[in-house]
Each structure stands twice: as structure tokens, then as C-alpha cells.
Amino acid sequence: MNDLIDTALADEGSRETLAEGAMILRGRARSQAPALLAAVAAIAAEAPFRRMMTPGGLTMSVAMTNCGAQGWVTDRHGYRYTPVDPQTGRPWPALPEALRRLAVEAAAEAGFPGFSPDVCLINRYEPGSKLSLHQDRDEPDRSAPIVSVSLGLPAVFLFGGLTRDAPKTRTRLAHGDIVVWGGPSRLAYHAVQTIKPGSHPATADQRINLTFRKAGPP
DNA sequence: GAGTACCC
DNA sequence: TTGT
């Protein structure tokens, strides 16, 4: 309910700085959301969402899949990118051009021209799902930013600094918001707090997050 | 929110 | 410890 009001009133197209090299483009993906969600459904039909195991042996609350030249995976051996989906034995589905373009444009708008994403990690949150504080550090080319697109249920996003204990900014991410971080913020710790129960017209009881990265060599 | 046991 |  509040989300609908916020979505309607949000300053679509506004930019907020989270830290040096990190900004939020409010509502930037909203108009393309139906096409993005259709693409996600097609990808998930080939590479199903699955809850992966961490190196510690516990199962993540967030369900994940990937598209692009590689996919981010975790199992008891650790975190890494693989060209083949370990669950299906097939390559990950291709990164749709419309998704790639959105990420490239968002990156340029946020001050990172020339972003060349080759992978997209797709996270599916349901109420109760969360992602605890971490860095994205499995990509060798640290000059490439991260572009994160939020769809569906809102989330509380924490964005910190280069150490686990650095001060954090807490912000609400709504349907259509895009966060871009890179440069001095590329290795910033971040987290998604537990998703609260709710329903969104576009996704019902889910939050879908698309994270575009460059996983290939510099 | 902090602290702990436990996952393999 | 990209967990519970």
C-alpha cells in the first residue's frame, strides 16, 4: 500500500549519492519493468531459481539464477563464476540485449561510461529473505562498476564502506530503482535486510534484483 | 542488537 | 562467513 503511494510520488529520474562513486537512480527502470520481468521468467525457465549453499554448508534464503557468459555460484567449495550452470549442465542463458542496454545506460548516467557487463546475477527474495553484509569481490576487473536493479517488493538496503565496521547508509529501494557503485565504492560492503511481508502488483510476494557485473578479465 | 551454536 |  505505502509502496504504491511511494511509487506514484517518487521523484522518478532523481539521483541520490550514497557515497563517492555510488548513486541511486530512482525509478529509472520502472517503465521497462514488465519487459525485464518477462525476460527473467524466460531465463528462469532455462536456468531455474535455486537456493545455493554457502561454503559453511548452509542454504541461502535468497534464490538465484544467472544469465550471461558466466554465472555466480556458491557451494561448499566457495564462491566463483562458472560458464555452465552446475544444476542443468548447460551454459547459462544469454544476457538479453535489452537488459544489457539498461545496465550500460544506468552506468553511464552514474558516471561510469564504457561499462561492458557480461553477466547478470538474478536474485529472488521472498518475505523473510535477506542478504547479510558482504563485498562483491569475485570479479577480477575492479574498474567495472556494479549495477543493481530493484523490482517488486521494496527492500531496506545498507551501503557501507571498505571495512565491515564502516558507517552505513540505510535506504529503501523500491520497484524500478537502480543502484550503481564503482570506483572508490567498488568494494563497499552492502546488505539487504529481511524482506517484509507484502504484495506488489508487478511481482506479487517477491522482490527481484538484477545485478549486472563484468566477470571477465580486465 | 548482541552473542552463540552449528551447517559441512 | 553473500548463513540460520
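Proteins get letters first, then strands, A, B, ... in listed order; numbering begins at 1 in each. Keep in mind that this is a model prediction, so the values were computed, not measured.
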*To the nearest Å, how far apart are A:Met60 CE and B:dC7 C1'?*
14 Å

*Less than 4.5 Å apart, any side-chain heavy atom of A:Trp72 and any of A:Asn66?*
yes

*So, the side chain of A:Thr88 versus the backbone of A:Arg90: is there a donor-acceptor pair under 3.5 Å, distance only?*
yes

*asked:* Rounding to an integer number of Å, can you tell me how far A:Lys130 NZ sits from C:dT1 P?
replied: 14 Å

*asked:* Can you classify the ring geometry of A:Trp181 versus A:Phe157 as parallel (below 30°), tilted (30 to 60°) or perpendicular (above 60°)?
replied: tilted

*Under 3.5 Å donor-acceptor, A:Arg76 side chain and A:Thr54 backbone*: no

*Using atom CZ of A:Arg76 as one end and atom C1' of B:dC7 as the other, report the distance to the nearest whole Å.*
13 Å

_I'd like to know if the side chain of A:Arg80 reaches the main chain of A:Gly78, judged simply by a donor and an acceptor atom lying under 3.5 Å from each other, with no hydrogens or angles considered._
yes

_Counting Watson-Crick and G-U wobble pairs with both distances under 3.5 Å, what is the dot-bracket string for DNA chain B, 5' to 3', using [ ] for crossing pairs and | for pairs to another strand?_
....||..

*Hey, does A:Ser132 reach any base, or is it just sugar-phosphate, or nothing, if we go heavy atoms under 4.0 Å?*
sugar-phosphate

_Nearest whole Å is fine: how far is C:dT4 P from A:Ile195 CD1?_
13 Å

*Could you tell me whether the side chain of A:Asp85 and the main chain of A:Ala47 form a donor-acceptor pair under 3.5 Å?*
no

*Taking atom C1' of C:dT1 as reference, at what distance in whole Å does atom CZ of A:Arg164 sit?*
7 Å

*Taking CZ from A:Arg137 and C1' from C:dT1, how many angstroms apart are they, rounded to a whole number?*
13 Å

*Are any of A:Ser61's side-chain N or O atoms less than 4.0 Å away from OP1 or OP2 of C:dT4?*
yes

*Mind checking the CZ-OG spacing from A:Arg207 to A:Ser129? Nearest 0.5 Å is all I need.*
10.5 Å

_Whether the side chain of A:Asp141 engages the backbone of A:Pro217 through a donor-acceptor N/O pair (distance < 3.5 Å, no angle test) should be reported._
no

*Exceeds 12 heavy-atom contacts within 6.0 angstrom, atom CZ of A:Arg142*: yes

*Report the distance from atom CE of A:Met52 to atom P of B:dC8, rounded to the nearest whole Å.*
19 Å

*For the side chain of A:Arg51, starting at C-beta, report the closest nucleotide among B:dC8, C:dT4, C:dT1.*
C:dT4

*In whole angstrom, what separates A:Leu58's CG from B:dC7's P?*
8 Å

*For DNA chain B, what residues of residues 118-127 of chain A have any heavy atom nearer than 4.0 Å?*
none

